[in-house]
S.K.: 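Handing you this structure, nothing more for now.
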Protein chains: 2
Amino acid sequence: MHSTLDKIKKQLTVKGFKLTPQREATVRVLLEHEDDHLSAEDVYILVKAKFPEIGLATVYRTLELLSELHVVEKINFGDGVARYDLRNESQEHHHHHLICLTCGSVEEIKEDWLLPLELRLEQEFQFKVLDHRLDFQGTCRECLSKAE
Amino acid sequence: MHSTLDKIKKQLTVKGFKLTPQREATVRVLLEHEDDHLSAEDVYILVKAKFPEIGLATVYRTLELLSELHVVEKINFGDGVARYDLRNESQEHHHHHLICLTCGSVEEIKEDWLLPLELRLEQEFQFKVLDHRLDFQGTCRECLSKAE
DNA sequence: GTAAATGCAAATTATTTGCATCTTA
DNA sequence: TAAGATGCAAATAATTTGCATTTAC
């Protein structure tokens, strides 16, 4: 009844965008891979498996649209590729990432640790925070234990 | 005697890299624009003004090298362009950015606000933090006052 | 029926690489 | 003088765009 897919569909129709099978297939792939950080190419390959006639440009356009609707978050870990994460409606802001420089794994932290800092920014800098992004680079648990 | 330029030169020679006029010119440009967030293209244009025979590829190679030496920090604000900031030896970690979504300005915060969080990460997640990155998106003081 | 969306191919943008030539240590 | 660095042009990679055709509303 009130699946995430339905909510996203509603967001599209409410804003006057059309509900095409390509868009639905793309959103389904994102939902099935919520915890991966998929690039446009990744999404394309996955959607193409179920919907072979889709074009890469459509995937780019869909991801861009979902990004504008704040359905996905477009992130860039520094390699030249944009990645797209489903945004959870429960999380007002971006989540944080723990990026392992040894094995490349990306772990997520879904708590928001930055609220006190945001208050301070608004007071000390008169900067109104709308969103933030916090990534840590380092060595993950697994790689630390291997290194011993 | 102990200018930043000299220190960077020393870092190059110590690691066995050659001190070419192209590299020096590039570092000088970075020093003269410490607070801008220059793209490789920006750096190229600025260096070319003083050293017209330099090639764009050399600028890319130099910035990459300086990045590996941790002399500059390669950052990506989400538009498709990498930017390069001189790293201050006083700041062990990246500094933070306040990115205004209205006028596009980027202000820097040089304090490190994340040490308590890093401690927590190492204890709760057994993740050894080597570096981090923190950007806030929002509305800057100037744009807030204009909007009133 | 019509505005919006698609697929394809070509264009664009940022960055990297091969290679012949030059330069620093 | 030899390893390393450069400049140029060509190659690559990611993303965007033009346009004729199709489709959702």
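If you're wondering where the values come from, they're calculated on a predicted model, not measured in any experiment. Computed from heavy atoms alone, side chains included, the values below leave out hydrogens, waters and symmetry copies. Residue numbering restarts at 1 for every chain, and letters A, B, ... go by the order of the sequence lines.
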S.K.: Kindly indicate whether the side chain of B:L117, heavy atoms from C-beta on, has any atom under 4.5 Å from the side chain of B:V129.
M.R.: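 Side-chain contact under 4.5 Å: no.
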S.K.: Measure from the side chain of B:Y60, starting at C-beta and using heavy atoms only, and say which of C:dA14, C:dG7, C:dA5 lies closest.
M.R.: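 Nucleotide nearest to B:Y60's side chain: C:dA14.
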S.K.: Between D:dA5 atom C1' and B:E68 atom CD, what is the distance in whole Å?
M.R.: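 Rounded to the whole Å, the gap is 15 Å.
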S.K.: Could you tell me the separation between the CD atom of B:E64 and the C1' atom of C:dT17, rounded to a whole number of Å?
M.R.: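 About 13 Å, once rounded to whole Å.
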S.K.: Mind listing the closest non-hydrogen atom pair of A:V81 and A:N76 along with its distance?
M.R.: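 Nearest pair, atom of A:V81 first, then A:N76: O-OD1, 3.9 Å.
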S.K.: Which comes earlier along DNA chain C counting from the 5' end, the contact point of B:G80 or that of B:A57, where each point is its nearest nucleotide?
M.R.: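 The residue whose closest nucleotide sits nearer the 5' end is B:G80.
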S.K.: Rounding to an integer number of Å, can you tell me how far B:Q22 CD sits from C:dT24 P?
M.R.: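 Roughly 8 Å, once rounded to whole Å.
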S.K.: Expressed as a whole number of angstroms, how long is the span from A:L12:CG to C:dA4:P?
M.R.: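 Interatomic distance, CG of A:L12 to P of C:dA4: 15 Å.
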S.K.: Among D:dC19, D:dT15, D:dG7, which is the nearest nucleotide to the side chain of A:V81?
M.R.: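 Among D:dC19, D:dT15, D:dG7, the one nearest the side chain of A:V81 is D:dT15.
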S.K.: Rounding to an integer number of Å, can you tell me how far A:L63 CG sits from C:dA5 P?
M.R.: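 The answer, rounded to whole Å, is 15 Å.
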S.K.: Need to verify one output field. Residue with the more 5' nearest nucleotide on DNA chain C, B:P21 or A:T20?
M.R.: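 Result of the comparison: A:T20.
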S.K.: A side-chain contact here means heavy atoms from C-beta on lying under 4.5 Å apart; do A:E32 and A:L46 qualify?
M.R.: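 A:E32 does not reach A:L46 side chain to side chain.
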S.K.: Output the rounded distance in Å from CD (A:E24) to P (D:dC25).
M.R.: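 The distance from CD of A:E24 to P of D:dC25 comes to 11 Å, rounded to the nearest Å.
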S.K.: Please report, rounded to the nearest Å, how far the C1' atom of C:dG7 is from the CZ atom of A:R61.
M.R.: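 It is 8 Å, rounded to the nearest whole Å.
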S.K.: Pick out which of B:D36, B:L31, B:L30, B:D35 makes a side chain to side chain contact (heavy atoms under 4.5 Å, CB included) with B:H33.
M.R.: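 Among the candidates, only B:D36 passes.
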S.K.: When all nucleic acid strands are considered with a 4.0 Å heavy-atom cut-off, which category describes B:P52: base, sugar-phosphate, or nothing?
M.R.: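 Result for B:P52 = nothing.
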S.K.: With the side chain of A:A82 defined as its heavy atoms from C-beta on, choose the nearest nucleotide among D:dT15, D:dG7, D:dC25.
M.R.: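 Per side-chain heavy atoms of A:A82, the pick is D:dT15.
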S.K.: Would you say A:R23 reaches C:dA5's phosphate, i.e. side-chain N/O to OP1/OP2 under 4.0 Å?
M.R.: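 Yes.
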S.K.: Kindly say if A:T58 contacts the phosphate of C:dA5, meaning a side-chain N or O under 4.0 Å from OP1 or OP2.
M.R.: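 Looking at the OP1 and OP2 atoms of C:dA5, neither is under 4.0 Å from any side-chain N or O of A:T58.
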S.K.: Just how far, in rounded Å, is C1' of D:dT15 from CG of A:L65?
M.R.: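 Value for this atom pair: 16 Å.
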S.K.: Taking only the side-chain heavy atoms of B:K18 (C-beta and beyond), determine which of D:dA24, C:dT24, D:dG18 contains the nearest atom.
M.R.: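 Closest nucleotide among those given: C:dT24.
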S.K.: When you check the phosphate oxygens OP1 and OP2 of C:dA14, does a side-chain N or O of B:S39 lie under 4.0 Å from one of them?
M.R.: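 No, B:S39 has no side-chain N/O under 4.0 Å of OP1/OP2 on C:dA14.
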S.K.: Give one of base, sugar-phosphate or nothing for A:E53, where a contact means two heavy atoms less than 4.0 Å apart.
M.R.: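 A:E53: backbone/sugar contact only, no base atoms under 4.0 Å.
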S.K.: Ignoring hydrogens and geometry, is there a side-chain-to-backbone donor-acceptor pair from A:E73 to A:H70 under 3.5 Å?
M.R.: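 A pair under 3.5 Å: no.
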